Each structure stands twice: as C-alpha cells, then as structure tokens.
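I have placed the structure first, in the form of structure tokens, so that the comments after it can refer back to it.
Computed from a predicted model, the values in this text were never measured in an experiment.
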Amino acid sequence: MEIVEVGPRDGLQNEKRVLGTETKTDFVRRAIAAGLRRLEVAAFARPDRVPQMADAEAVLESVPRAEGVRYIALVLNARGLDRALALTNRPHEINYVVVATDEFSERNQGVPTMESLAGFRAVAARARAEGFAVTLTVAAAFGCPFTGEVTPDRVRDVVAAAGDDIDELCLADTIGVGVPAQVTALAAAVREVSAAPLRAHFHNTRNTGYANAIAAAAAGFRALDASLGGIGGCPFAPAATGNIATEDLAYLLNRSDEPTGVEVPVAAAAGTWIGERLGLPVVPAQLGRAGNFPA
C-alpha cells in the first residue's frame, strides 16, 4: 500500500504557525528519509486565504529532487496551473479538488459542484498535455458540514461528470465523519463510472480514520493519504481536525501484511520534530510516544 505524505501541504495549511521555506524543505527531507516517495508539498492557493502556502513556488524549487520521489501540488483553478507551469522545478502531479456538495463548493470555491467540474475538465486536459499526472479529489465525499449526509449516488454522479482526464481518483473524508461501510459503498459506486486507481484521504476527527484505512485496503484502494505527526486538517470546514498520522498508519499496515516501505521509527521522529517546529505540546500521532513494536 502506498502512503501519500500530505503533511507539507494539508498538514501545515491548517496549523496556526506559518513555517519558513527552509523548515518546510527540511520536513520534506525527513519524510523522504523515512521512506515516503510521493509527497504533496504545496498548494497554489490565494495567500490571503491560506498564508501557510504563500511560498508554494519557493518550496517546489527547493525540495530535493531524488530518484523515485514524486511531488504533488494542489491546484484549485487555471491560475494555479499557470503557477505550476511557470516553475523551473515543476511538481510531477497536480491534485485538483472538487467538493461533492453544492453548498460547500459555493462556500469554498464560489461555484456549485457541476460548475466546478467544468473548471476541472479544462485544467485536467491542459495539465495532462503538459505532462502532469492528474488526481481528482472529491472532497466531503463521506459527509458535508453544511448539507449533512452525502450519498454514494451523488459521489458517483460527480465522478461521472468529471470526464476521462484522470490518472487517479481520491475520495476524501474532509471532516472525518466516515465509517468503513461507506468506504466499501463509495468504492463500488465510483467503479461503476471510472476505472481510475483509487486513493483515499481520511481524517481521524471521530476516531474512525484508521478503521476506514483498513476498509480501503480491503476494497482495493491503492494509496492512502496521511500526515506525519497527524498534523493538520481542512481550514475551510468546521472542526475538520486530525489527518491520520503517517507513522501510525504505516505501523498498522506494515503489521497487517500491507507493506508501505515506511520506516516507522524514522517517521515517528519526523512527526515529533514537525510538532516542535509548530509549537505543539504534543502531536496527535501515537507512535512517537508509544514507540515501535517490536522495539
């Protein structure tokens, strides 16, 4: 099972302390040293809305370029893709987010879901022509903080309207309300309309994130997002705290015969380190405190 490290982006963007480019680059180096090979490191978002990501270009220009390591940048619109294209050291992939419900989409992106999908289709076609791999993330796929329940049929319809320029489909439990039965149902629903490899993004807000991860592995998902230390969340959704922690997820999967390639003690040390840089008294991850087993 592949773990996509999202701490440098989704982790840091919800923390109050804004870290400098050098510290972010060091964070990425520590993640790579732990064995992580796909990392979401930047978001091309408006600096006034997400000041933690204001140095997206500088981060992508400074992170180490090592063989086998792939970098992902979050792109929200055509302007974001323009910023990625202008770089000397471009990301290898872009991740474009569409919200499953109209109300959340209008609050977050100013347009209803299907209008947002029109923007995605245009950006995705252009991005693939420029050599980027494209992930579509369907946010709030498991539940919306404003609308409430989101049905598998709704998520399937969103994916069906997204078009064919998708290299990977990510289903995101943006506010951490999902349960394993939903993971199975959503996987079956989207497979009716898309053959793209599946990735999942879980939050542990209600302590179900790791159970959902195991359900995703059983349902055939190929990649799972996680954040070193368990830092971060979504700054645009109420109470969306708690990404699942990379070190805790790697421990769970490694000992469940789902090897990740992540060295748990190294990852746990990186999680503790980034928590200290952020001024957190303790990070949500457990492995930094409990230790690996066997020791």
* Would Ile94 and Val134 satisfy side chain to side chain contact (heavy atoms under 4.5 Å, CB included), going step by step from the backbone distance to the final call? -> CA-CA 5 Å; Ile94 67 162; Val134 174; 4.0 Å; yes
* To do: Mark yes or no for whether Gln13, through its side chain, and Gly232, through its backbone, hold a donor-acceptor pair below 3.5 Å.
  => no
* Structure fact -> Residue pairs meeting side-chain hydrogen bond (donor to acceptor under 3.5 Å, both in side chains), one or both in residues 257-282, sequence neighbours left out, come to Asn254-Thr260
* **Validation row: Thr25, Pro64 side chains within 4.5 angstrom (heavy atoms)** => yes
* Check the pair Leu224 / Leu253 against side chain to side chain contact (heavy atoms under 4.5 Å, CB included), numbers first and verdict last. => CA-CA 11 Å; Leu224 295 170; Leu253 292 172; 4.1 Å; yes
* Asked: Which is it for Tyr251 and Val262 under the side chain to side chain contact (heavy atoms under 4.5 Å, CB included) test, yes or no, and what are the steps along the way?
  -> CA-CA 9 Å; Tyr251 175 86; Val262 175; over 6 Å; no
* Answer yes or no: are there more than 12 heavy-atom neighbours, outside Asn89 itself, under 6.0 Å from its atom CG? => yes
* Structure fact -> Note: Pro180 and Ala215 closest approach over all heavy atoms is CB-CB, 3.7 Å
* Measuring from Cys170:SG to Leu198:CG, what's the distance to the nearest 0.5 Å? -> 9.0 Å
* To do: May I have all residue pairs that pass side-chain hydrogen bond (donor to acceptor under 3.5 Å, both in side chains) and include part of residues 50-59, sequence neighbours excluded?
  => Thr21-Asp55, Lys24-Asp55, Glu57-Arg83
* Can Arg154 and Asp102 be counted as an ion pair, charged N to O under 4.0 angstrom? -> yes
* Structure fact -> In terms of heavy-atom contacts, Met114 and Ala161 come closest through SD-CB, 3.9 Å
* To do: Would you check if the side chain of Thr135 reaches a backbone N or O of Asn95 as a donor-acceptor pair within less than 3.5 Å?
  => no
Could you pull out all donor-acceptor pairs under 3.5 Å where a side-chain atom in residues 280-293 meets a protein atom, sequence neighbours excluded?
unit_1, atom_1, unit_2, atom_2, d
Arg289, NE, Ala285, O, 3.4
Arg289, NH2, Val283, O, 3.0
Arg289, NH2, Pro284, O, 3.3
Arg289, NH2, Ala285, O, 2.8

* Asked: side chain to side chain contact (heavy atoms under 4.5 Å, CB included) between Thr205 and Val177: does it pass, once the steps are laid out?
  -> CA-CA 7 Å; Thr205 311; Val177 295; over 6 Å; no
* To do: Kindly work out whether a path of hydrophobic side-chain contacts (I/L/V/M/F/W/Y, heavy atoms less than 4.5 Å apart) joins Leu117 to Val155.
  => yes
* Asked: Is there a side-chain contact between Ile244 and Leu249 (heavy atoms, below 4.5 Å)?
  -> yes
* Asked: Pairs in or reaching into residues 183-197: which pass side-chain hydrogen bond (donor to acceptor under 3.5 Å, both in side chains), with residues at least two apart or in two chains?
  -> Arg156-Glu192
* To do: Kindly say whether Thr101 contributes a backbone atom to a donor-acceptor pair with the side chain of Thr113 at under 3.5 angstrom?
  => yes
* Point-to-point distance, once rounded to the nearest 0.5 Å, from CG of Leu81 to CG of Leu85 -> 4.5 Å
* Would Val150 and Leu169 show up in the same hydrophobic cluster when neighbours are defined by side-chain heavy atoms closer than 4.5 Å? -> yes
* Which other residues end up in the same hydrophobic cluster as Val18, if Ile, Leu, Val, Met, Phe, Trp and Tyr are linked when side-chain heavy atoms come under 4.5 Å apart? -> none
* Cluster question for you: counting only ILVMFWY and a side-chain heavy-atom cut-off of under 4.5 Å, with indirect links fine, are Val41 and Val6 together? -> no
* **Cation-pi check, Arg79 onto Phe44 ring (under 6.0 Å, within 45° of axis)** => no
* To do: Just grab all the ring pair (Phe, Tyr, Trp, His ring centres under 6.0 Å) pairs involving residues 107-138, residues at least two apart or on different chains.
  => Tyr96-Phe120
* Asked: Of the non-hydrogen atoms in Thr246 and Ala226, which two are nearest, and what is the gap between them?
  -> OG1-C, 3.2 Å
* Quick one: hydrophobic cluster around Val266, which other residues, with the 4.5 Å side-chain cut-off, linked directly or via members? -> none
* Asked: So, Gln182 side chain and Phe142 main chain: donor-acceptor pair closer than 3.5 Å or not?
  -> yes
* How about Thr137 and Val98: do any of their side-chain heavy atoms sit closer than 4.5 Å? -> no
* Is a donor on one side and an acceptor on the other found under 3.5 Å between the side chain of Asp173 and the backbone of Gly209? -> no
* Structure fact -> Heavy-atom nearest pair, Ala100 first then Val158, reads O-CG2, 4.1 Å
* **Linked hydrophobic residues, Leu76 as query - side chain contacts closer than 4.5 Å** => Leu74, Val97
Quiz: residues 27-35 side-chain donor-acceptor pairs under 3.5 angstrom, not counting sequence neighbours:
unit_1, atom_1, unit_2, atom_2, d
Arg30, NE, Asp26, OD1, 3.3

* Nearest-0.5 Å distance that lies between atom CG in Leu186 and atom CZ in Phe221 -> 7.0 Å
* Any salt bridge (Lys or Arg N to Asp or Glu O under 4.0 Å) involving residues 207-228? Give me the pairs, sequence neighbours left out, ordered by first then second residue. => Arg199-Asp225
* To do: Compare all side-chain heavy atoms of Asn243 with those of Asn204 and state whether any distance is below 4.5 angstrom.
  => no
* Looking at side-chain heavy atoms only, is the closest gap between Ser116 and Ser105 below 4.5 Å? -> yes
* His92 (side chain) donor-acceptor with Tyr71 (main chain) under 3.5 angstrom -> yes
* Do Leu19 and Leu12 touch side chain to side chain, with heavy atoms closer than 4.5 Å? -> yes
* Minimum side-chain heavy-atom gap Leu39-Val4 below 4.5 Å -> no
* Look only at the side chain of Gln109 and the backbone of Val111, and say whether a donor-acceptor pair between them is shorter than 3.5 Å. => no
* **Pairwise salt bridge (Lys or Arg N to Asp or Glu O under 4.0 Å) hits with a residue in residues 109-132, at least two apart** => Asp82-Arg126, Arg90-Glu130, Arg128-Asp165, Arg128-Asp167
* Asked: Roughly how far, to the nearest 0.5 Å, is CD1 of Ile72 from CD of Glu5?
  -> 10.5 Å
* **Minimum side-chain heavy-atom gap Asp10-Ser227 below 4.5 Å** => no
* Mind jotting down which residue pairs meet the salt bridge (Lys or Arg N to Asp or Glu O under 4.0 Å) criterion with at least one end in residues 61-74? Sequence neighbours excluded, please. => Arg70-Glu93
* Smallest separation among heavy atoms of Ala140 and Thr174, with atom names -> N-OG1, 2.8 Å
* **Smallest separation among heavy atoms of Leu136 and Ala162, with atom names** => CD2-CB, 3.5 Å
* To do: Examine distances only and state if a side-chain atom of Thr208 and a backbone atom of Val179 form a donor-acceptor pair shorter than 3.5 Å.
  => no
